[in-house]
Amino acid sequence: MKARLSEIGLTVSAWYRAGHRALPWRETDDPYKILVSEIMLQQTRVETVIGYWKRFLEVFPDIASLAGADTEQVMNMWQGLGYYARARNLQKAAQMVVREYHGRFPELPADIRRLPGIGAYTTGALASIAFGLPVPAVDGNVLRVTSRLLLLEGDVGTPGVKRGVEAFVADMIPTGSASDFCQGMMELGATICTPTSPVCSSCPADKLCLARKTGRQLEFPHKQAKSPPVESRQIVCLIRDESGRILLQNRKEGLLSGLWGIPHFESDNDEPDADALMERLGLTGLDAPEAACDRIHPLFAEGFVGTVTHVFTHRKWNMEIWSFLWRDLSDGPGPAEDFTWFAPDRLSGIPIPEAFRKVLRLAGKQPPEEKRKNT
DNA sequence: AATTCGTGGCT
DNA sequence: TAGCCAAGAAT
């Protein structure tokens, strides 16, 4: 078996050396820049990452600049990329490298693994790509490729099977070619050994693949189906003041934390519930359910704007947008501390997730803002 | 082990 | 089109 694994490793690394896609992070040997690419690439497509990676490194060209940056600006560079905990963990990792390793990126896999946001895969990727160490980097590509090559019957979603694959892959790594092999396995999965239509006739490991030999390529990898997103009805409250500014909340935890959001709450009622909105805004000094339409109340309901749907990995928001005017009634109470008023022309400069940008576009509070392109 | 955490492209 | 999926990690 080991001879077989070793032959696969030599074949894949040689294939990678002979030719591969030119990706920008393959033109550097700076561990920091490679780290940024690896974090961005987690569960994210290459084409999407390219533009973000270039822009990010223009603003944070080295690990010290990222460590010392304003977190809001880091989130801003990440806006639209998703999985925002990655951005906050990346900055924490940068700060840890600066503080505990004097800005010198740690080479020991055990040290790399301790950095926030870096798990088994990213540790292997950095160790092998940036430092040439023989450490397995098992991502979704490698799970698929390996499960096909070896006809692995286990569910690749389970930690046990994944550890088993790591052991197999570790025995594939050719001496002195850890980087080419690591990237070769992923390149193979991304360009040849694809999920639904593998091009086996072009595969360098054609003769070594047990799935190919038995015509069972599409049966692998085995994985259990994910449960569909849970739907909910969200009442989204677009609140502007008399000077046209919009009220946003800095989200502190859970979904979309670290980004600015439009005040909203889950509801199954037909009309927006004034009590729920008051509670959402932290306005405990006021009462009366009818208050949202009362003339002496700061919040004046202007009416229904429209609906927006947004699907997250495991949630689906069916948003109903309602418009309110916040009237300055001299001494009245204001929104809670995590709320801030923003002029419409400031919205393009702060991190706001796609779900709420859709709402802003619907309401015409923000220019359509051309989609970021890879340049 | 099972959930949580975004977004966009593709079938 | 509704679901699947992408260079996963944290809890």
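Numbered from 1 within each chain, the chains take letters A, B, ... in sequence-line order. Quick note: numbers below take in every heavy atom, side chains included, and nothing from hydrogens, waters or symmetry partners. In this text, all values refer to a predicted model and were calculated from it rather than measured experimentally.
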Novice: Taking atom types as modelled, find out whether A:E7 and A:T11 have a side-chain donor-acceptor pair closer than 3.5 angstrom.
Specialist: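 No, no side-chain donor-acceptor pair sits under 3.5 Å.
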Novice: Return the set of residues passing side chain to side chain donor-acceptor pair (under 3.5 Å) with A:S6 (not counting sequence neighbours), or none when no residue passes.
Specialist: none
Novice: How far, in whole Å, is C:dT1 from B:dG8 if one measures between their C1' atoms?
Specialist: 15 Å
Novice: Return the 5'-most residue of the pair A:L81, A:P159 with respect to DNA chain B, ranking by each residue's nearest nucleotide.
Specialist: A:P159
Novice: Can you measure from CD (A:Q234) to CD1 (A:I321) and round to the nearest 0.5 angstrom?
Specialist: 10.0 Å
Novice: Distance check: side-chain N/O of A:H314 vs OP1/OP2 of B:dC5, anything under 4.0 Å?
Specialist: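 Checking B:dC5 against A:H314, a side-chain N or O does come within under 4.0 Å of OP1 or OP2.
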Novice: Which whole-number value in Å describes the distance from A:M319 CE to B:dG6 C1'?
Specialist: 13 Å
Novice: From NZ of A:K92 over to P of C:dA10, roughly how many Å is that when rounded to an integer?
Specialist: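 Going from A:K92 (NZ) to C:dA10 (P), I get 10 Å.
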Novice: Does A:R104 qualify as a cation-pi partner of A:Y101, given the criterion of NZ or CZ under 6.0 Å from the six-membered ring centre and within 45 degrees of its axis?
Specialist: no
Novice: Linking Ile, Leu, Val, Met, Phe, Trp and Tyr through side-chain heavy atoms less than 4.5 Å apart, which residues share a cluster with A:L151?
Specialist: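 Reading the cluster by chain and number, A:L151 sits alongside A:L210, A:F220.
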Novice: Atom CH2 of A:W317 to atom C1' of B:dT7: distance rounded to whole Å?
Specialist: 14 Å
Novice: Is the A:W78 ring parallel, tilted or perpendicular to the A:F56 ring (thresholds 30°, 60°)?
Specialist: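 Perpendicular: the ring planes of A:W78 and A:F56 meet at over 60°.
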Novice: Mind checking A:G157 for me? I need base, sugar-phosphate or nothing, with any heavy atom below 4.0 Å counting as a touch.
Specialist: nothing
Novice: Would you call A:E27 and A:K54 a salt bridge, using N to O less than 4.0 angstrom?
Specialist: no
Novice: Taking protein heavy atoms under 4.0 Å as touching, what does nucleotides 2-8 of chain C look like 5' to 3' if B marks base contact, S marks sugar-phosphate-only contact and - marks none?
Specialist: ---BBBB
Novice: Sticking with atom C1', work out how far C:dA6 lies from B:dA1, rounded to a whole angstrom.
Specialist: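 Per the computed distance, 23 Å lies between those C1' atoms.
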Novice: What is the separation between atom CD1 on A:I352 and atom P on B:dT7, rounded to the nearest whole Å?
Specialist: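 A:I352 atom CD1 is separated from B:dT7 atom P by 12 Å.
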Novice: Rounded to the Å, how far apart are A:D155 CG and B:dA1 P?
Specialist: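 It works out to 10 Å between those atoms.
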Novice: Separation of A:Y52 atom OH from B:dG6 atom C1', in whole Å?
Specialist: 10 Å
Novice: Nearest whole Å is fine: how far is B:dC5 P from A:R88 CZ?
Specialist: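 Nearest whole value for this atom pair: 11 Å.
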Novice: Nearest-Å distance, CZ (A:R315) to P (B:dT3)?
Specialist: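 Taking CZ of A:R315 and P of B:dT3, I get 13 Å after rounding.
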Novice: Taking atom C1' in both C:dC5 and B:dC5, compute the distance separating them and give it to the nearest angstrom.
Specialist: 16 Å
Novice: Relative to the 5' end of DNA chain B, which residue comes earlier, A:G160 or A:V311, by the nucleotide with the nearest heavy atom?
Specialist: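 Nearest nucleotide further toward 5': that of A:G160.
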